[in-house]
Amino acid sequence: MDFLGIINELTKKRVEAIKVNARAPGMLRAIERRNSEGYLALIAEYKRASPSGVIRLDLDPWTYFNAVGQYATGFSVLVEPIYFLGSPIFVKIALNYGKPVLYKDFVISREQIREAGELGASSVLLIKRLGGNALWDLVDYAMDLGLEPLIEVDDEDDALEIVNSNPNVMLGINSRDLGDLSVSLDRAISIIRAVRSKANVIIAESGVRGVNDAVRLAREGANAILVGTALMRNVELAKEFSGITIH
Ligand SMILES: O=C(O)c1ccccc1NCC(=O)[C@H](O)[C@H](O)COP(=O)(O)O
């Protein structure tokens, strides 16, 4: 098939996605359900690039979601267009698979949360260090729109502040320091240990390279792992990640 034939087929699929008008199922309940079955929940992230560079451009969203969908509890979709080569259309495409969908951006405004709701996402990422004093207003606004906030932290003090303020929210613990972009699973595990007795649901984000990393996080009390790079590079890992038990 020549390029025009290929792009014509892809464009037809994209147009179909644009027509989708649906709300994805809830992320929190899906994680709790997977945990009740005795397994760590996997949130598979569609991530084409990052500030470190291009990850994968030859893996279209349909191929990715088809490959990981049967093993993932939910999807995370980057919509940030500059560093991550993301797009809101990827959220619409993810809706086709009947799974919860996390709208992933650097959210600083109600307009972005409104976009997440209009697209049909289940959940929206709110980064504690980015939200600052507006964080709880953004949390309330998201919940008013029927979205589940995932509040992300990368240090122990912020994690404790969140779980002491609202233990019922989903807490994302990022092993990536959003200041210097260093990644440390040990730091994430230290934060998990500090809050696991108080947190409702802990999602360990970033730096999961393989099964051993995921098993460590499960043993320390993570309810879910959010994996991007490793899955974009090898979608076969989804099956392995989905079979990790929690204690
Ligand atoms: O992924 C990055 O390099 C990054 C840099 C700066 C801010 C945020 C960044 N990532 C966003 C994420 O939260 C990750 O995409 C997600 O946790 C998956 O991480 P990974 O499995 O390590 O790709």
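Just so you know, these numbers come straight off a predicted model, no measurement behind them.
For Tyr97, the OH atom is densely surrounded, since the number of other residues' heavy atoms within 6.0 Å is greater than 12. Within 6.0 Å of NZ in Lys13 there are more than 12 heavy atoms belonging to other residues, nucleotides or ligands. Around the CZ atom of Arg196, the shell of radius 6.0 Å holds more than 12 heavy atoms that belong to other residues, nucleotides or ligands. Annotation: Asn133, atom CG; neighbour count of heavy atoms from other residues, nucleotides and ligands within 6.0 Å does not exceed 12. Heavy-atom contacts from other residues, nucleotides or ligands closer than 6.0 Å to CG of Asn21 number 12 or fewer.
Linking ILVMFWY side-chain heavy atoms closer than 4.5 Å, directly or via other members, places Val139 and Met27 in two distinct hydrophobic clusters. The cluster map of Ile, Leu, Val, Met, Phe, Trp and Tyr, joined by side-chain heavy atoms under 4.5 Å apart, puts Ile162 and Val107 in the same cluster. Linking ILVMFWY side-chain heavy atoms closer than 4.5 Å, directly or via other members, places Ile225 and Ile189 in a single hydrophobic cluster. Residues Tyr71 and Val215 do not share a hydrophobic cluster, clusters being chains of Ile/Leu/Val/Met/Phe/Trp/Tyr side chains in contact below 4.5 Å. Side-chain heavy atoms closer than 4.5 Å link hydrophobic residues (I, L, V, M, F, W, Y) into clusters, and following such links, possibly through other members, connects Ile108 to Leu78.
With hydrogens and angles disregarded, no donor-acceptor distance shorter than 3.5 Å links the side chain of Arg48 to the backbone of Pro61. For the pair Glu80 (side chain) and Ile82 (backbone), a donor-acceptor distance under 3.5 Å is present. Under a 3.5 Å cut-off, the side chain of Ser123 and the backbone N or O of Glu148 do form a donor-acceptor pair.
For the pair Leu40 and Asn35, the tightest heavy-atom approach, listed with the atom from each and the gap, is CA-ND2, 4.2 Å. Closest non-hydrogen pair, Pro100 versus Ala30, comes out as CG-CB, 3.7 Å. Across all their heavy atoms, Ile244 and Glu240 have their closest contact at CG1-O, 3.7 Å. Ala72 and Lys99 make their closest contact through O-NZ, 2.6 Å (heavy atoms, listed as atom of the first residue, atom of the second, distance). Smallest separation of non-hydrogen atoms from Leu150 and Leu102: CD2-CD2, 3.7 Å. Nearest heavy atoms, Val227 versus Tyr64: O-OH, 4.1 Å.
In this structure, Glu118 and Arg114 have side chains that are in contact, with non-hydrogen atoms separated by less than 4.5 Å. The side-chain heavy atoms of Val201 and Leu171, taken from C-beta on, include no pair separated by under 4.5 Å. Between Pro149 and Met143 the shortest side-chain heavy-atom distance falls below 4.5 Å. Residues Asn8 and Leu4 have side chains not in contact (no heavy-atom distance under 4.5 Å, counting atoms from C-beta outward). With contacts defined as side-chain heavy-atom distances shorter than 4.5 Å, the pair Leu59/Val235 qualifies. Using a 4.5 Å heavy-atom threshold, the side chains of Ile89 and Ile18 count as touching. Contact annotation: the side chain of Val101 never approaches that of Phe65 to less than 4.5 Å [non-hydrogen atoms, C-beta and beyond].
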Apply side-chain hydrogen bond (donor to acceptor under 3.5 Å, both in side chains) to the pair Thr63 and Asn66, showing each step before the final yes or no.
-> CA-CA 5 Å; Thr63 303; Asn66 280 325; 5.7 Å; no
Test Leu145 against Val124 for side-chain contact (heavy atoms from CB on, under 4.5 Å), laying out the working first.
-> CA-CA 11 Å; Leu145 295 184; Val124 59; over 6 Å; no
Candidate pair Phe75 and Tyr46, rule side-chain contact (heavy atoms from CB on, under 4.5 Å), full reasoning | CA-CA 8 Å; Phe75 297 135; Tyr46 187 62; over 6 Å; no
Do Arg34 and Glu37 pass the salt bridge (charged side-chain N to carboxylate O under 4.0 Å, His left out) test, and can you show the C-alpha distance, the side-chain angles, and the key distance before you say yes or no?
-> CA-CA 5 Å; Arg34 188 61 179 153; Glu37 295 165 353; 2.8 Å; yes
Residues Ile173, Glu152; criterion side-chain contact (heavy atoms from CB on, under 4.5 Å); working and verdict = CA-CA 6 Å; Ile173 295 178; Glu152 179 182 292; over 6 Å; no
Check the pair Leu57 / Leu85 against side-chain contact (heavy atoms from CB on, under 4.5 Å), numbers first and verdict last.
-> CA-CA 9 Å; Leu57 300 183; Leu85 302 182; 3.6 Å; yes
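A salt bridge links Glu16 with Lys19: at least one charged nitrogen is closer than 4.0 Å to a carboxylate oxygen. Between Asp177 and Arg129 a salt bridge is recorded (basic side-chain N to carboxylate O distance below 4.0 Å). Looking at Glu9 and Lys12, a side-chain N of the basic residue comes within less than 4.0 Å of a carboxylate O on the acidic one, giving a salt bridge. The residues Asp186 and Arg216 are annotated as salt-bridged, a charged nitrogen and a carboxylate oxygen being separated by less than 4.0 angstrom. Between Lys104 and Glu205 there is a salt bridge, since at least one side-chain N of the basic residue sits less than 4.0 Å from a carboxylate O of the acidic one. Salt bridge present: Glu161 and Lys128 bring a charged side-chain N and a carboxylate O closer than 4.0 Å.
Between Thr229 and the choices Glu45, Lys47, Arg56, Arg209, the side-chain contact (heavy atoms from CB on, under 4.5 Å) rule is met once, by Lys47.
The CG atom of Leu147 lies 9.5 Å from the CG atom of Leu126; values are rounded to the nearest 0.5 Å. One distance of note links CZ of Arg29 with CD of Glu32; it measures 8.0 Å at 0.5 Å rounding. In this structure, the separation between CE on Met170 and CG on Asn200 is 9.5 Å, given to the nearest 0.5 Å. In this structure, the separation between CG on Leu231 and CD1 on Ile43 is 11.5 Å, given to the nearest 0.5 Å. Residue Leu217 holds its CG atom at 11.5 Å from CG of Asn223, rounded to the nearest 0.5 Å. The distance from atom CG of Leu130 to atom CG of Leu125, rounded to the nearest 0.5 Å, is 9.0 Å.
Applying the side-chain hydrogen bond (donor to acceptor under 3.5 Å, both in side chains) test to Arg176 and every residue at least two apart in sequence or in another chain returns Ser206.
With hydrogens and angles left out, the side-chain atoms of Tyr103 and Gln112 include no donor and acceptor closer than 3.5 Å.
Between Phe84 and Phe106, the ring-plane angle classifies as tilted under the 30° and 60° cut-offs.
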